[in-house]
Amino acid sequence: MDNAGPKKRCCESVQSFFTSPKFLIYLGHALSTWGDRMWNFAVAVFLVGLYGNSLLLTAVYGLVVAGSVLLLGAIIGDWVDKNPRLKVAQTSLVVQNCAVILCGILLMVVFQFKEQLAELYNGWVLTCCYILVISIANIANLASTAMSITIQRDWVVVVAGQDSSKLADMNATVRIIDQLTNILAPMLVGQIMAFCSNFIGCGFIAGWNLCSMCLEYCLLWKVYQKTPALAMKAGKKEDYQELKRLNSPKELENGQGPVEGSQLMNETAVVKADSPRKTGCCYQMAEPLRTIRDGWVAYYNQSIFFAGMSLAFLYMTVLGFDCITTGYAYMQGLNGSVLSLLMGASAVSGICGTVAFTWVRKNCGLIRTGFISGVVQLSCLMLCVVSVFAPGSPFDLSVSPFQDIYSHLTGKSSALPEAAYPASMLTIDGQGLLVNSSTVPPAEELPPLQSYMSVSLLFSGVIAARIGLWSFDLTVTQLIQENVIESERGLINGVQNSMNYLLDLLHFIMVILAPNPEAFGLLVILSVSFVAMGHIMYFRFAFKSLGRRLFLCCSPEQQTQALPDSPSSLPTTV
């Protein structure tokens with residue numbers, strides 16, 4: 001009888017956790033991220049298989065996706081701000097999953113009847129199918145961007161309330177889920193595609209998204225019901241309304257608009273007509289351009305502008321586990337088994353970074369956590385710089401980094417070593433990894449390296465730097481969450497996504513201009529330089545916010561109060 005009370009309280013505590021809005025957000029995010037990671041991995045392989053084992057469709061798809069988010073990021077964010085939270089989340093969820101399901105069905109048809117489609121109208125029907133696949137997949141990515149902004153940048157903040165520690169813990173948990181699904185989901189779908197077929201892989205992903213969409217829809221509704229604050233949305237401040245009317249002579253008529261004491265309103269009553277709207281055709285057509293302009297202006301005027309820019313600069317790097325670094329590793333003699341272990345170690349390192357973020361933030365404050373994370377990341381990346389000059393490195397300044405481009409344009413053969421082949425084919429290896437099989441012959445055909453010291457130092461630096469990278473990413477994410485007013489969260493995060501994609505595009509352009517392995521050392525040095533510039537921007541932001549207290553111990557609360565023009569006095573929940 002005496003043990004009945006504690007057991008009952010324990011059961012009630014467990015039940016309360018598993019039915020809490022926080023856990024429901026975690027579960028919904030895990031389902032959504034798992035589907036996203038499977039699709040992002042598989043679509044590249046599908047496109048390669050469709051176009052005769054060529055990278056052309058994959059490259060076009062990557063360019064379309066990056067360009068779309070770059071151009072439409074502010075518009076997506078503005079749409080998130082101007083509409084009720086539940087409507088935005090449900091619409092984004094349905095559009096994203098329906099686009100993936102439709103794309104999967106279309107790919108199954110193409111894989112099954114590719115030869116017949118190629119004979120119709122001299123292949124134009126098949127070409128239209130390619131265009132449809134890329135277009136629909138791009139719509140899915142844009143909807144995924146809106147969903148990410150809505151849940152990770154807005155709903156999480158509201159559910160956490162005004163508890164900064166709870167917000168940090170939720171951000172860290174969401175990032176751990178990202179890390180785990182980023183490794184496990186591609187492994188699952190990779191095995192299905194390797195041991196079955198691309199046709200079955202398409203069907204599996206389409207079926208997963210159909211089931212996941214229904215479950216996520218219910219979870220969103222449950223979270224919305226359990227968190228009344230989500231039904232309330234902040235009105236625009238007067239100064240932001242003036243910013244939205246830059247270069248416009250009209251002011252608010254009759255003093256209409258939210259006043260200082262009524263900044264919160266019911267979500268269904270979000271003001272959609274702050275000022276008399278013009279109805280001219282040209283005016284309406286120019287509305288998206290004005291939204292993009294106002295979004296970038298608002299982003300520039302934020303107190304966390306340099307913090308956001310510092311995060312964007314970290315995307316201009318080849319020092320990550322993407323296809324570029326993986327291809328280079330194969331050229332250096334590493335096989336799929338070793339790379340699988342390295343990717344696993346990278347995931348563990350990233351999880352350690354998220355755990356370290358919560359501990360350092362509690363003891364040193366949020367702003368100082370970003371500074372410490374930057375120092376850790378840069379220190380680890382010094383190993384990558386050393387690897388450029390270590391034994392076994394192919395770095396050679398006597399070989400022009402543009403030699404491959406010149407040889408393709410002139411038709412002359414390149415003087416590259418046998419290991420540097422033109423990229424033209426992707427396959428799935430036995431470990432379920434995406435590999436470039438024409439760029440990288442089988443391991444037994446690769447010329448043996450004299451030393452593995454260079455590649456060992458390179459990946460040691462990349463893996464160790466993930467601790468600082470993910471801790472820094474969480475720091476900037478929470479700074480944006482806490483210091484951007486509620487009515488601008490979508491807009492600012494949309495522009496932030498655009499900046500990230502812009503720098504990511506630049507890093508691919510950099511690789512295209514210098515694709516040979518002898519020039520990879522230059523790419524490493526340039527990458528570390530951009531990371532250093534990013535952290536210099538963050539140091540400027542941190543020093544402006546804290547001054548000399550940046551190097552002294554102070555509580556997290558004191559650091560939050562130190563931010564200039566911080567909207568921390570504005571209530572984020574009701």
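Not measured: the values here are computed from a predicted model.
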Indicate whether any N or O donor in one side chain lies under 3.5 Å from an N or O acceptor in the other, for Ser346 and Gln179.
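Not at all, the side chains of Ser346 and Gln179 share no donor-acceptor pair under 3.5 Å.
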Side chains of Thr369 and Arg361: donor-acceptor distance under 3.5 Å anywhere?
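No donor-acceptor contact under 3.5 Å links the two side chains.
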Show, in sequence, the C-alpha distance, side-chain angles and deciding distance for Thr477 and Gln152, and conclude whether the side chain to side chain donor-acceptor pair (under 3.5 Å) test is met.
CA-CA 9 Å; Thr477 296; Gln152 299 183 40; over 6 Å; no
Show every salt bridge (charged side-chain N to carboxylate O under 4.0 Å, His left out) that has at least one partner inside residues 304-314, sequence neighbours left out.
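Qualifying pairs: none.
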What pairs of residues pass the salt bridge (charged side-chain N to carboxylate O under 4.0 Å, His left out) test when at least one of them lies in residues 135-154, not counting sequence neighbours?
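Output for this query lists Arg85-Asp154, Asp154-Arg489.
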Flag the pair [X] / [Y] as yes when at least one side-chain heavy-atom distance between them is below 4.5 Å, and no otherwise.
{"X": "Trp39", "Y": "Asn97", "value": "no"}
{"X": "Glu488", "Y": "Ile492", "value": "yes"}
{"X": "Ser310", "Y": "Phe472", "value": "yes"}
{"X": "Asp81", "Y": "Ser487", "value": "no"}

side-chain hydrogen bond (donor to acceptor under 3.5 Å, both in side chains) contacts in which one or both residues fall within residues 135-146, not counting sequence neighbours
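Those involving residues 135-146 are Asp36-Ser144, Ser68-Asn138.
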Apply side-chain hydrogen bond (donor to acceptor under 3.5 Å, both in side chains) to Asp169 and list each qualifying residue two or more places apart in sequence or on a separate chain.
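By the side-chain hydrogen bond (donor to acceptor under 3.5 Å, both in side chains) rule, Asp169 matches no residue at all.
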Cut-off 3.5 Å, no hydrogens considered: what does the side-chain donor-acceptor table look like for residues 21-30, sequence neighbours left out?
| unit_1 | atom_1 | unit_2 | atom_2 | d |
| --- | --- | --- | --- | --- |
| His29 | NE2 | Thr33 | OG1 | 3.2 |
| His29 | NE2 | Asp178 | OD1 | 2.7 |

For Ala146 and Ser92, work out which heavy atoms get closest and say how close.
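The answer is CB-OG, 3.5 Å.
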Would you compute the distance between atom CG of Leu311 and atom CD of Gln496 and round it to the nearest 0.5 angstrom?
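The distance works out to 5.5 Å.
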Distance-only criterion, 3.5 Å: show the donor-acceptor pairs between side-chain atoms of residues 529-540 and protein atoms not counting sequence neighbours.
| unit_1 | atom_1 | unit_2 | atom_2 | d |
| --- | --- | --- | --- | --- |
| Ser529 | OG | Ile525 | O | 2.8 |
| His535 | NE2 | Gln377 | OE1 | 2.7 |
| Tyr538 | OH | Ile367 | O | 2.7 |

Quick one, Leu188 with Phe204, criterion side-chain contact (heavy atoms from CB on, under 4.5 Å). Give me CA distance, side-chain angles, the key distance, then yes/no.
CA-CA 11 Å; Leu188 173 64; Phe204 176 78; 4.0 Å; yes
Could Asp294 and Arg290 be called an ion pair, given the rule that one side-chain N must be under 4.0 Å from one carboxylate O?
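Salt bridge absent between Asp294 and Arg290.
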